[in-house]
*Asks:* 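This is the structure I want to talk about, given as structure tokens.
Counting convention: from 1, in listed order, for ligands and their atoms alike.
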Amino acid sequence: MSSVHPEQRIDPTAPAIEIRQLHKSFGDNEVLKGIDFTVDKGQVVCVIGPSGSGKSTLLRCVNRLEEPTSGQILVEGIDITDPDTELDQVRSRIGMVFQQFNLFPHMTVLRNLTIAQQRVKKRGRAEAERIARENLDKVGLADKIAAYPAHLSGGQQQRVAIARALSMDPDMMLFDEPTSALDPELVGDVLDVMKRLAAAGMTMMVVTHEMGFAREVGDKLVFMDGGVIVEEGDPVKVLSDPQHSRTQSFLSKVL
Ligand code: ADP
Ligand code: MG
């Protein structure tokens, strides 16, 4: 065990996320082949690319749901690939929202939002419930506090999942195709919540096929293919004038 408490090593001047030469293999399948990039505090970075290009694996490495094979990931200056780093500390600073919502089906919306606050953040019930209400209000679902997930639409479930992540006071949020499982008419409400979060200054890394969102909200767009970053830059520029033929080919299929 390290004698230094991880909180003490947070570097307030460091970028939110800095990835250096990240490699990840599953068996002999090398999925990430040397990824380098930085997410600055308050930045919204959108990640696009074909299925199987390693986007989810990249996000999952950032909060150590996957263990990198080699390379470094610094979160607020702390190397989370260092074996001394306490993963609970890292994960409590990074909120993650998945394509499939991942709410606890046997718990009410309120309990979904309070359980980790009480268990991980050690908040008392009254405080946890107050914070839950605040965050449900932010996503426009204060009236669903007593509902069970099965009684909500997919879009509402995803907004609950966002409110749940926010209730842990994360410094940054990772989104893995948060609207891909939704019926088209429900996508807008979730994107609106994400836009408000971005406008409020949240640092965000968003894997998405929503090019409109990337163009409007993203500070940076990263195009991945075959486990490498092929191209990155200002979203408006990358989308309107992609430099690499692989980016051009991908965008011609999705735009
Ligand atoms: P994307 O999110 O861009 O579609 P993924 O990161 O999910 O891509 O997957 C990239 C590659 O990694 C795929 O070939 C996938 O089969 C493989 N992969 C992802 N997760 C695992 C795993 N847990 N075990 C083995 N292979 C995996
Ligand atoms: Mg994926």
*Asks:* Give me the atom names and distance for the closest heavy-atom approach of Arg246 to Gly226.
*Replies:*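 Where Arg246 meets Gly226 most closely, the heavy atoms are NH2-N, 4.4 Å.
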*Asks:* State whether the number of non-hydrogen atoms from other residues, nucleotides or ligands found under 6.0 Å of His151 atom NE2 is greater than 12.
*Replies:*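 For His151, atom NE2 is not crowded (no more than 12 foreign heavy atoms under 6.0 Å).
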*Asks:* Using a distance threshold of 2.8 Å, state whether an N, O or S atom of Ser56 lies below it from the Mg ion (ligand 2).
*Replies:*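 So Ser56 counts as coordinating the Mg ion (ligand 2), yes.
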*Asks:* Are Gln72 and Asp79 linked by a side-chain donor-acceptor pair shorter than 3.5 Å?
*Replies:*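 The criterion, which ignores hydrogens and geometry beyond distance, is satisfied for Asp79 and Gln72.
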*Asks:* Could I get the full list of ring-ring contact (aromatic ring centres under 6.0 Å, His included) partners for Phe250, not counting sequence neighbours?
*Replies:*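 Applying ring-ring contact (aromatic ring centres under 6.0 Å, His included) to Phe250 gives Phe223.
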*Asks:* Run through all N or O atoms in ligand 1 and write down each protein N or O closer than 3.5 Å, as a pair with its distance.
*Replies:*
| unit_1 | atom_1 | unit_2 | atom_2 | d |
| --- | --- | --- | --- | --- |
| ligand 1 | 2 (O) | Ser56 | N | 2.9 |
| ligand 1 | 2 (O) | Ser56 | OG | 2.9 |
| ligand 1 | 3 (O) | Ser53 | N | 3.2 |
| ligand 1 | 3 (O) | Ser53 | OG | 3.4 |
| ligand 1 | 3 (O) | Gly54 | N | 3.0 |
| ligand 1 | 3 (O) | Lys55 | N | 2.9 |
| ligand 1 | 3 (O) | Lys55 | NZ | 2.8 |
| ligand 1 | 4 (O) | Gly52 | N | 2.7 |
| ligand 1 | 6 (O) | Thr57 | N | 2.9 |
| ligand 1 | 6 (O) | Thr57 | OG1 | 2.6 |
| ligand 1 | 8 (O) | Gly54 | N | 3.2 |

*Asks:* Leu221 and Ala214: which non-hydrogen atoms are nearest, and at how many Å?
*Replies:*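 Closest heavy-atom pair between Leu221 and Ala214: CD1-CB, 4.0 Å.
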*Asks:* Given Val45, which partner from the list Ile17, Thr203, Val39 fulfils the side-chain contact (heavy atoms from CB on, under 4.5 Å) test?
*Replies:*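 It is Val39, the one option of Ile17, Thr203, Val39 that forms the side-chain contact (heavy atoms from CB on, under 4.5 Å) with Val45.
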